[in-house]
Amino acid sequence: MTERMTGAQSLIRSLEHVGVDVVFGIPGGAILPAYDPLLDSTQVRHVLMRHEQGAGHAAQGYAYATGRPGVCVATSGPGATNLVTPIADAYMDSVPLVAITGQVATPLIGTDGFQEADICGITMPITKHNFLVKEAAEIPARIAEAFHIASTGRPGPVLVDIAKDALQAATSFSWPQALDLPGYRPVTRPHAKQVREAARLICERRRPVLYVGGGVLKAGASQELRVLAELTGLPVVTTLMARGTFPDSHPQHLGMPGMHGTVAAVGALQKSDLIIALGARFDDRVTGQLSTFAPDAAIVHADIDPAEISKNRHADVPIVGDCREVIADLVVAVQAEHAAGNRGDYAAWWSTLGRLRDTYPLGYDEPDDGSLSPQHVIKRIGEIAGPDARYVAGVGQHQMWAAQFISYENPGTFMNSGGAGTMGFAVPAALGAKTALPGTTVWAIDGDGCFQMTNQELATCAIEGIPIKVAVINNGSLGMVRQWQTLFYEGRYSNTDLHTVPRPAGRNVRIPDFAKLAEAYGCVGMRCERPEDVTTTIEKAMAIDDQPVVIDFVVHADAMVWPMVAAGTSNDQIQYARDMAPVWDDEE
Ligand SMILES: Cc1ncc(C[n+]2csc(CCOP(=O)(O)OP(=O)(O)O)c2C)c(N)n1
Ligand SMILES: [Mg+2]
């Protein structure tokens with residue numbers, strides 16, 4: 001069954017074949033042949049972005065919202081290199097992404113041709129796999145493989161770089177019957193003996209904790225996790241990448257561990273005698289100083305990627321497999337232990353953790369000068385938009401507050417750039433999520449610094465009819481960096497003031513005026529500066545559903561993110577607030 005067409009037509013046909021409904025991109029010379037048949041596709045919508053970085057993050061947002069690979073398209077050279085940041089971001093956070101780039105024609109490859117960049121070479125360490133396609137006939141097979149690799153096993157970005165002459169050449173379209181990927185066989189079924197050993201330890205140890213990472217979200221294993229948690233009665237912590245995977249309202253949930261985690265979650269890991277790591281990778285932001293992390297804990301480490309196991313911390317019980325299958329099997333194995341009379345006794349453990357949770361809840365002080373507290377603004381957005389909305393954060397203080405002060409009840413409702421910490425993620429990722437879920441409210445919680453990196457995509461939102469809501473948490477500075485300057489550089493604020501808030505004592509300017517900027521981009525722009533206006537402003541934004549909305553929330557400049565484990569120090573040194581360490585020990 002073959003049909004004559006160009007390589008470009010074959011590319012679009014291939015995308016239709018794998019079920020792609022939207023791609024985010026910007027055309028240019030090398031990819032131009034592919035844009036022509038795109039015009040005729042009734043299945044594939046192309047969203048014209050304003051920057052390729054935006055296209056990549058939009059594809060990530062789409063992937064988060066659907067669980068399917070997001071697709072971004074760029075031309076060769078600078079178009080392709082502009083995709084490097086989102087590709088790296090997707091690699092760090094295991095986001096399924098297919099990036100399609102045009103390459104200069106094959107005779108020009110290696111000649112420093114106009115707009116030539118070796119994007120396969122450049123992205124080698126930040127893609128799960130990449131392909132350079134020089135023959136039109138290869139296109140369907142490479143596209144099929146790219147989608148398969150991106151979305152199976154540990155998800156990740158795959159780049160398909162297609163030479164212009166391959167797009168222009170005549171070929172015959174035939175969809176591959178089978179994929180030819182020797183050596184690529186992700187293990188999804190966990191080893192039964194290891195699972196039984198994990199279950200035995202869970203029932204034997206006194207201070208276990210379920211350390212839940214983004215892999216549980218990617219595996220779609222929230223339901224299984226809940227069953228396991230309730231069966232065992234164990235405390236649960238959810239990392240930045242797993243917020244929402246276990247309901248925040250659940251009594252067994254201690255919140256987020258790590259540098260800005262809750263005292264109870266950090267303490268639960270640190271004082272544990274058994275950590276059951278599920279799709280988590282012992283990132284330095286979670287472990288703090290590795291050599292002093294959880295000194296008494298045995299480690300059960302389940303991950304679909306064998307390379308993660310014992311990478312940072314030795315695993316006593318390694319389990320390679322898909323988290324959904326691992327957790328389901330663990331449930332059965334724990335039930336068998338219970339049936340044999342082995343049931344864990346965690347009463348003393350819960351009394352320790354309950355005391356930490358009650359003594360050191362997440363909190364913040366309202367500013368005493370009548371200005372807005374950023375935490376309050378974010379908390380109110382979460383309360384008003386509710387647990388079914390999607391929240392997409394930028395990177396910085398506002399990101400941590402969005403992780404802390406919005407109550408997540410459903411998997412996938414929080415999206416952010418965790419591993420890479422890419423400023424500029426929020427607006428385009430929100431755009432991508434909203435494209436995938438037009439009926440769902442999508443809030444970008446952004447910083448004044450981050451927003452200035454990718455706000456050009458507001459034009460895309462306005463023109464393409466993608467009505468996201470953006471809350472700029474405007475503290476007038478690169479706040480997270482400023483916080484470190486406050487704490488570790490004696491308040492010497494080198495190059496962190498952005499002048500986005502007028503300060504009578506300083507340069508009394510507001511550059512840019514975010515509300516006016518929003519209007520210039522065809523969005524609704526608002527500003528909120530007083531605590532008494534927060535609720536009505538958010539409600540006003542919620543009532544607008546046919547246009548993107550940007551709110552400039554002018555907040556206090558000095559608010560800080562607490563608790564905090566200073567970089568490189570031990571989790572034992574967590575500060576609940578400035579110069580205030582929690583008391584760990586109790587009578588038991
Ligand atoms: C692309 C990029 N450049 C630099 C950084 C370093 N960095 C981390 S947070 C931050 C400040 C972010 O400022 P803003 O968006 O205003 O957020 P805030 O911390 O003030 O809430 C910076 C510069 C980064 N993470 N990403
Ligand atoms: Mg800021």
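We count ligands from 1, going down the list as the structure has it; atoms in each ligand are counted the same way.
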Determine, using ring centers only, whether H301 and F282 are less than 6.0 Å apart.
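Centroid distance F282-H301: below 6.0 Å, so yes.
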So, F414 versus Y391, ring centres under 6.0 angstrom or not?
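Not under 6.0 Å, so no.
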Tell me which protein heavy atom sits closest to [atom], plus the residue, atom name and distance to 0.1 Å.
atom                    : value
atom 14 (P) of ligand 1 : G449 N, 3.5 Å
atom 20 (O) of ligand 1 : G479 N, 2.7 Å
atom 15 (O) of ligand 1 : C450 N, 2.7 Å
atom 21 (O) of ligand 1 : H398 ND1, 2.8 Å
atom 12 (C) of ligand 1 : V395 O, 3.4 Å
atom 13 (O) of ligand 1 : L478 CA, 3.5 Å

Side-chain donor-acceptor pair present, D388, N410, cut-off under 3.5 Å
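Result is yes, a qualifying pair exists.
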With distance as the sole criterion, is a donor-acceptor pair present between the side chains of T535 and R380 under 3.5 Å?
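Note: T535 and R380 side chains meet the donor-acceptor criterion.
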Measure across V104 and Q115 and return the closest heavy-atom pair with its distance rounded to 0.1 Å.
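In terms of heavy atoms, the two residues are closest at CG1-O, 3.7 Å.
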Considering non-hydrogen atoms only, spot the tightest contact between H51 and I26 and give its length.
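Smallest interatomic distance, heavy atoms only, reads N-CD1, 3.4 Å.
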Test of proximity, N475 against ligand 1: N or O pairs below 3.5 Å:
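Between N475 and ligand 1, an N or O pair is found under 3.5 Å apart.
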Return yes or no for this condition: an N or O of S477 is under 3.5 Å from an N or O of ligand 1.
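Yes; the residue has a nitrogen or oxygen that sits under 3.5 Å from a nitrogen or oxygen of the ligand.
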If the threshold is 4.0 Å, N to carboxylate O, is there a salt bridge linking [X] and [Y]?
X    : Y    : answer
R530 : E532 : yes
R507 : D497 : no
R527 : D513 : yes

R357 side chain to H253 backbone, donor-acceptor under 3.5 Å
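Such a contact is found between R357 side chain and H253 backbone.
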Before moving on, can you tell me the angle at the Mg ion (ligand 2) between the OD1 atom of N475 and the OD1 atom of D448, to the nearest 10 degrees?
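Here the angle at the metal atom is close to 90°, to 10°.
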May I ask whether I473 has any heavy atom positioned less than 4.0 angstrom from an atom of ligand 1?
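For ligand 1, residue contact (heavy atoms, under 4.0 Å) with I473 is absent.
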Measure the distances from the heavy atoms of G421 to every atom of ligand 1 and state whether one is below 4.0 angstrom.
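True for this residue.
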[X] heavy atoms, cut-off 4.0 Å: which ligand 1 atoms fall inside?
X    : answer
Q397 : 18 (P), 19 (O), 21 (O)
G396 : 9 (S), 19 (O)
G447 : 14 (P), 15 (O), 16 (O), 17 (O)

Please state whether the separation between the Mg ion (ligand 2) and some N/O/S atom of M480 is under 2.8 Å?
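No, M480 does not qualify, because none of its backbone or side-chain N, O or S atoms lies under 2.8 Å.
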Considering only heavy atoms, which of Q53, M423, Q483 lies nearest to atom 6 (C) of ligand 1?
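Minimum heavy-atom distance to atom 6 (C) of ligand 1 goes to M423.
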